Amino acid sequence: ERRPALPPAPRPSIAAKPVEETVYLKQYSEALVRKLEAKTLQLEQSVRAMQQDIAARKQAEESLRSSEIRFRELFNNMTSGAAVYEAGDDGADFIFKDLNEAGSRINQVKKEDVVGRLVTEVFPGIRQMGLLDVFRRVWRTGRTEFLPAAQYAHEDLSAWYENHVYKLPSGEVVAIYDDVTARKLSEEALRKSEQKFYKAFTVSPVPMAISALDDGVYLDINKAFIEEIGLTREEVIGKSAVEMGFWTLEQRQAILREAAAGHPIRNVEISVKARDGRILPGLFSADPLELDGRACWLTVFVDISARKEAEQALADEVARQRILVEQSRDGIVVLDQDGSVLEANRKYGEMLGYTPEEIRHLHVWDWDAKWPKEKLLKMLRDVSASGDHFETEHRRKDGSWFPVEISTNGAEIGGRKLIFCVCRDITERKDAEAKMQKQLAELRQWYSVTLDREERVVELKREVDQLLSRLGEKAKYGIG
């Protein structure tokens, strides 16, 4: 810096007095000091400004270094893949400048193997994927672009990637990407599952419906639902089960409480009124599902009219059979294979002199007096559906005996062999048979006596004829 020139010192005249010269020199010295002080202050200010500028530059450099470190740490530790490219051949292709660790892992390549090489050389399938066109547009326009899930396919490699591409101030292009193959496969599996579900839903012979969880409005119904209820699709869609009269609001709220408590909604018996006025008893089941972001129910209604009719018919038949069994003049008892009593009618208890409660605690050997326990158990094991018929003797509670005629049949019910026995008290028949045997013996005795008498008469007649013959007379009886 060029120093400013000082004012020339005045030259006193020869005639000036010494005092005036002294005053003049003093003033000149003071002016010179002021100028020096001002210049010193200016220099100090310049130095301070320079020091501040240097400090600011150092701070900016330090901040830049910190930013670069943070960027590098972020670049290398981010979970998404990141690659930096430099345009080549006027943006026709792009050269790898950098690749982070996530990118190396996702693409299964090493950074040192790709840096400096063309992206189309490293990943030939990038053209068909559409990503190269995105690189070119971003490099030309500077506008950030997002390439949604696109498939990269080349030789044996096939994967899906999402890319965010932007341009740096340096002109380099950066791609931030993620491997979304698992998600795409899951979405594809879900899509196929939904197709299968919809097909099963549509063609199922069981009435099914999809309704909103919040208000119960029907969103979809299948063909079987329409055929069962007798209503058109238009008459059902957009209305709730309560509006349709399928159930009451209280019933729906009760089911909602069960579902909220985590209890499965399975086979809840309800009644649905069909268009023709029929009341259809059925089993209602529901499972939660989400449809276009809305909580819904997949509901199933199984018509059990036929089952109810069969159950009623069976109940009627059981009642009828029970009446027949209870009114039977024969004793009827059902035995387990171990000889214990499962059931017996009133008549059988009366025959043995036991109450219904007492007889249920007995075994067959408690009343059969003819065979030992082992023989009876073998008979129970051997009896088949073709049955058996025999006579034995039963012992009453009071110890008396009476003859019985037994008809048995074995049957497998619920994996368990049961023996059904019809027991008839044949005391009167046995008494009648004994009486008949006695009468028959008497008849045989009288017949024998009579037969002997008749033979004697014949012999006498023969002797008379022989005597007449010897006398020369004609035989009277003609017995030779």
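Every value quoted in this text rests on a predicted model; they were computed, and no experiment measured them.
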S.K.: Return the minimal non-hydrogen interatomic distance between Asn345 and Ser328, and the atom names on each side.
M.R.: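 Answer, listing the atom of Asn345 first, then Ser328: ND2-CB, 4.3 Å.
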
S.K.: Are Lys167 and Glu172 ion-paired here, with the side-chain N under 4.0 Å from a carboxylate O?
M.R.: no

S.K.: Mind checking whether Tyr177 and Ser80 have side chains closer than 4.5 Å, heavy atoms only?
M.R.: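 No, their side chains stay 4.5 Å or more apart.
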
S.K.: Say you draw a straight line from CZ of Phe135 to CZ of Arg140; how long is it, rounded to the nearest 0.5 Å?
M.R.: 13.5 Å

S.K.: Before accepting this row, confirm whether a basic side-chain N of the pair Asp287/Arg266 lies closer than 4.0 Å to the acidic partner's carboxylate O.
M.R.: yes

S.K.: Hey, is Glu162 close enough to Arg183 for a salt bridge, meaning N to O under 4.0 Å?
M.R.: yes

S.K.: Establish, from distance only, whether the side-chain atoms of Glu101 and Ser104 form a donor-acceptor pair under 3.5 Å.
M.R.: no

S.K.: Is the closest side-chain donor-acceptor distance between Asn222 and Ser204 under 3.5 Å?
M.R.: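 No, no side-chain donor-acceptor contact under 3.5 Å.
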
S.K.: Which atoms form the tightest heavy-atom contact between Leu289 and Leu298, and what is the distance?
M.R.: CD2-N, 3.3 Å

S.K.: Is any side-chain heavy atom of Val173 closer than 4.5 Å to one of Tyr166?
M.R.: no

S.K.: Which residue in the set Lys196, Lys223, Met208 passes side chain to side chain contact (heavy atoms under 4.5 Å, CB included) when paired with Phe201?
M.R.: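 Only match with Phe201 under side chain to side chain contact (heavy atoms under 4.5 Å, CB included): Met208.
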
S.K.: Taking only Lys NZ, Arg NE, NH1 and NH2, and the carboxylate oxygens of Asp or Glu, determine whether Arg34 and Glu37 approach each other closer than 4.0 Å.
M.R.: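 A salt bridge is absent here (no side-chain N lies under 4.0 Å from a carboxylate O).
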
S.K.: Do Glu412 and Arg416 meet the salt-bridge criterion of a basic N to acidic O distance under 4.0 Å?
M.R.: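 No salt bridge links Arg416 with Glu412.
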
S.K.: Taking all non-hydrogen atoms of both residues into account, name the closest pair between Val341 and Val333 and its distance.
M.R.: CG1-CG2, 4.0 Å

S.K.: If the plane angle is over 60° it's perpendicular, under 30° parallel, otherwise tilted; pick one for His154 and Tyr152.
M.R.: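 If you compare the ring of His154 with that of Tyr152, the planes turn out tilted.
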
S.K.: Parallel, tilted or perpendicular, judged at 30° and 60°: which one describes the rings of Phe96 and Tyr85?
M.R.: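 Answer is tilted, since the angle falls between 30° and 60°.
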
S.K.: Nearest 0.5 Å, what's the CG-CD distance between Leu157 and Glu155?
M.R.: 9.0 Å

S.K.: Using a strict 4.0 Å threshold on nitrogen-to-oxygen distance, state whether Asp133 and Arg127 make a salt bridge.
M.R.: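 Salt bridge flag = no for Arg127 with Asp133.
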
S.K.: Where is the tightest heavy-atom contact between Phe146 and Pro148, given as atom of each residue plus distance?
M.R.: O-CD, 3.4 Å

S.K.: Centre-to-centre under 6.0 Å for Phe284 and Phe301, is that the case here?
M.R.: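 For Phe284 and Phe301, the ring centres are not under 6.0 Å apart.
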
S.K.: I'd like to know if Glu311 pairs up with Arg307 as an ion pair, taking the criterion as any Lys NZ or Arg NE/NH1/NH2 lying under 4.0 Å from an Asp or Glu carboxylate oxygen.
M.R.: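 Looking at Arg307 together with Glu311, the answer is yes, because their closest N to O distance falls below 4.0 Å.
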
S.K.: I'd like to know if Arg360 and Glu343 make a salt bridge, using a cut-off of under 4.0 Å between side-chain N and carboxylate O.
M.R.: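 Salt bridge flag = no for Glu343 with Arg360.
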
S.K.: Taking all atoms of both residues into account, what is the closest heavy-atom pair of Cys296 and Ile210, and its distance?
M.R.: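 Closest heavy-atom pair between Cys296 and Ile210: CB-CG2, 4.1 Å.
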
S.K.: To the nearest 0.5 Å, tell me how far Lys239 NZ sits from Asp215 CG.
M.R.: 14.5 Å

S.K.: Evaluate Phe225 against Tyr218 for ring pair (Phe, Tyr, Trp, His ring centres under 6.0 Å), listing each step before the verdict.
M.R.: CA-CA 12 Å; Phe225 187 100; Tyr218 284 110; 5.7 Å; yes

S.K.: Check whether any side-chain heavy atom of Lys97 sits under 4.5 Å from a side-chain heavy atom of Val115, and report yes or no.
M.R.: no

S.K.: State, yes or no, whether a side-chain contact exists between Leu335 and Cys421 at a heavy-atom distance under 4.5 Å.
M.R.: yes

S.K.: Do Asn107 and Tyr161 have side-chain heavy atoms sitting under 4.5 Å apart?
M.R.: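 Yes, at least one pair of side-chain atoms sits under 4.5 Å.
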
